Amino acid sequence: MTSKTTSLIELPADLDCTQLPQHVAAIMDGNGRWAKQRGFPRMMGHKRGADALRDLLRCCKDWGIGALTVYAFSTENWGRSMEEVDFLMTLFENLFQLELAEMVAEEVKLEVVGDLANLPPSLYDAIDRAKTATQDNQGVRFTVAINYGGRQEIVRACQAIATQVQQGLIKAIEIDEHLLSKHLHTADLPDPDLLIRTSGEMRISNFLLWQLAYAEIYVTDTLWPDFDRRAFHKALLNYQQRHRRFGKA
Ligand code: IPE
Ligand code: IPE
Ligand code: MG
């Protein structure tokens, strides 16, 4: 039995396997509030948030969802305390190391997007190793956005294209949506069908500004560490009730 067949057996009966989003994006928000509600330091929320992410990734595999992209650290998140930023960088590094064997075993293909050159070198190396080790995997395409900003991504793409124009490789008139998309970090991925934001915040916070043009947006009050399989099931049921029109009547 292939893993695909196994996964579809596990899909909840009220979900239509032909109407699942191919690509789910998530803004994992509310870790700090989750911790605060329990009288814990914010860091505990981030740790539990990482557990929730691990479960969601497995759920995507089980239910046959091909791509998951999550926002882990924005270009604006450097504005947090040094203690929190350092904790998050170490947490990411540990996760890329500790979860690597599992990702390999589960056929996960990892991608990390954002301005990676400005990350701590040891984190950069851990990302590099994990990406290399999973690059030929054929399972869920798992993309983690770290030091990512949607505006910065578009500006960088424009700079790269402008350089090509300057060098005479392309003409300005040849710049179109397809070309710009190909210069984004997500060039190889279809646009997300569904964006989930936890913790009730109704904003995009500089995530995938270009790619989310026609995503269905689902906001839940659930805080990220509590976003479990049941909560994901609810989000997918809600998604399957949407009528995606793409501008048509
Ligand atoms: C999301 O949770 C995680 C990151 C942005 C790294 P928050 O840390 O933003 O949690 P809240 O919004 O303060 O509750
Ligand atoms: C968005 O959450 C960034 C991530 C989840 C990594 P924030 O908590 O940083 O967003 P704002 O500040 O509420 O918009
Ligand atoms: Mg937040």
Side-chain angles (χ1 to χ4, degrees), residues 23-57 60 67-96 98-99 110-120 122-124 126-127 130 142-155 184-186 189 192 194-212 215-228 231-232 235:
H23 181 182
V24 173
I27 300 176
M28 309 186 288
D29 200 10
N31 292 350
R33 277 163 282 175
W34 183 93
K36 194 170 176 203
Q37 282 176 2
R38 290 159 178 78
F40 297 151
R42 293 177 61 81
M43 317 307 158
M44 183 64 91
H46 295 315
K47 274 186 79 150
R48 293 294 291 268
D51 295 339
L53 176 57
R54 187 186 299 114
D55 292 347
L56 180 63
L57 179 59
C60 285
L68 174 68
T69 298
V70 296
Y71 206 5
F73 193 90
S74 74
T75 46
E76 290 72 31
N77 288 146
W78 294 107
R80 298 189 177 200
S81 72
M82 215 212 289
E83 186 197 6
E84 184 167 351
V85 169
D86 283 351
F87 179 88
L88 285 167
M89 295 299 149
T90 307
L91 178 68
F92 299 150
E93 188 178 325
N94 289 340
L95 288 172
F96 287 123
L98 295 172
E99 298 299 320
L110 173 75
E111 186 55 75
V112 182
V113 298
D115 183 2
L116 305 187
N118 289 318
L119 295 178
S122 54
L123 171 56
Y124 184 90
I127 290 172
F142 177 43
T143 305
V144 184
I146 299 181
N147 194 17
Y148 173 89
R151 287 184 172 179
Q152 187 190 68
E153 181 183 35
I154 293 169
V155 167
L184 300 177
H185 297 301
T186 50
L189 281 171
L194 170 64
L195 171 71
I196 296 169
R197 182 160 189 160
T198 53
S199 85
E201 306 294 355
M202 300 203 192
R203 53 178 173 266
I204 293 181
S205 301
N206 206 11
F207 191 42
L208 303 177
L209 296 181
W210 175 278
Q211 298 88 334
L212 291 173
E216 294 296 327
I217 299 178
Y218 176 80
V219 175
T220 171
D221 285 336
T222 302
L223 303 173
W224 180 257
D226 290 329
F227 192 82
D228 56 9
F232 188 41

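Numbers here simply count residues along the sequence, with the first being 1. Since we're looking at a predicted model, the values are computed, not measured. In listed order, ligands and their atoms are each counted from 1.
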Measure the [atom1]-[atom2] distance between [X] and [Y] for me, rounded to the nearest 0.5 Å.
| X | Y | atom1 | atom2 | value |
| --- | --- | --- | --- | --- |
| Tyr71 | Trp224 | OH | CH2 | 14.5 Å |
| Leu223 | Met28 | CG | CE | 14.0 Å |
| Trp34 | Phe40 | CH2 | CZ | 5.5 Å |
| Glu111 | Ile127 | CD | CD1 | 10.0 Å |

Check Asp29 and report its N/O/S atom nearest to the Mg ion (ligand 3), by atom name. OD1
Quick check: closest heavy atoms across Phe227 and Ala235, and the distance to 0.1 Å? CZ-CB, 4.5 Å
Could you tell me which non-hydrogen atom of Pro192 sits nearest to which non-hydrogen atom of Ala215, and how far apart they are? O-CB, 3.5 Å
Using the side-chain contact (heavy atoms from CB on, under 4.5 Å) rule, pick out the option among Val113, Asp115, Leu116, Leu123 that qualifies with Asn147. Asp115
Among all the protein's non-hydrogen atoms, which is closest to [atom], and how far away is it?
| atom | value |
| --- | --- |
| atom 10 (O) of ligand 2 | Arg197 NH2, 3.3 Å |
| atom 5 (C) of ligand 2 | Met28 O, 3.5 Å |
| atom 6 (C) of ligand 1 | Ala72 O, 3.3 Å |

Atoms in ligand 2 flagged as close to [X], the criterion being non-hydrogen separation under 4.0 Å:
| X | result |
| --- | --- |
| Ile27 | 1 (C), 5 (C) |
| Tyr71 | 3 (C), 4 (C), 5 (C), 6 (C) |
| Phe73 | 6 (C) |

Would you mind finding which of Gly32, Ser199, Ser205 brings a heavy atom closest to atom 14 (O) of ligand 2? Ser205
Using heavy-atom distances, let me know which of Glu84, Glu201, Arg80 sits nearest atom 9 (O) of ligand 1. Arg80
Side-chain donor-acceptor contact under 3.5 Å, Gln211 with Thr186: yes
Salt-bridged, Arg151 to Glu76, with N to O below 4.0 Å? no
Report the part of Phe207 (side chain from C-beta onward, or backbone N, CA, C, O) that has a heavy atom under 4.0 Å from ligand 2; answer both or neither where that applies. neither
Taking non-hydrogen atoms only, is Arg203 closer than 4.0 angstrom to ligand 2 via side chain, backbone, both or neither? side chain
Can you find an N/O atom of Arg42 closer than 3.5 Å to an N/O atom of ligand 1? yes
Decide whether an N or O pair under 3.5 Å exists between Asn77 and ligand 1. no
Which atoms of ligand 1 are found less than 4.0 Å from any heavy atom of Arg33? 11 (P), 12 (O), 14 (O)
So, is Glu201 placed with an N/O/S atom under 2.8 Å from the Mg ion (ligand 3), counting both backbone and side chain? no
Heavy-atom gap His46 to ligand 1 smaller than 4.0 Å: yes
Tell me whether Tyr148 contacts the main-chain N or O of Asn206 through its side chain, where contact means a donor paired with an acceptor under 3.5 Å. no
Closer than 3.5 angstrom, by distance alone: can the side chain of Arg197 be matched with the main-chain N or O of Tyr218 as a donor-acceptor pair? no
Protein non-hydrogen atom found under 4.0 Å from atom 2 (O) of ligand 2: yes
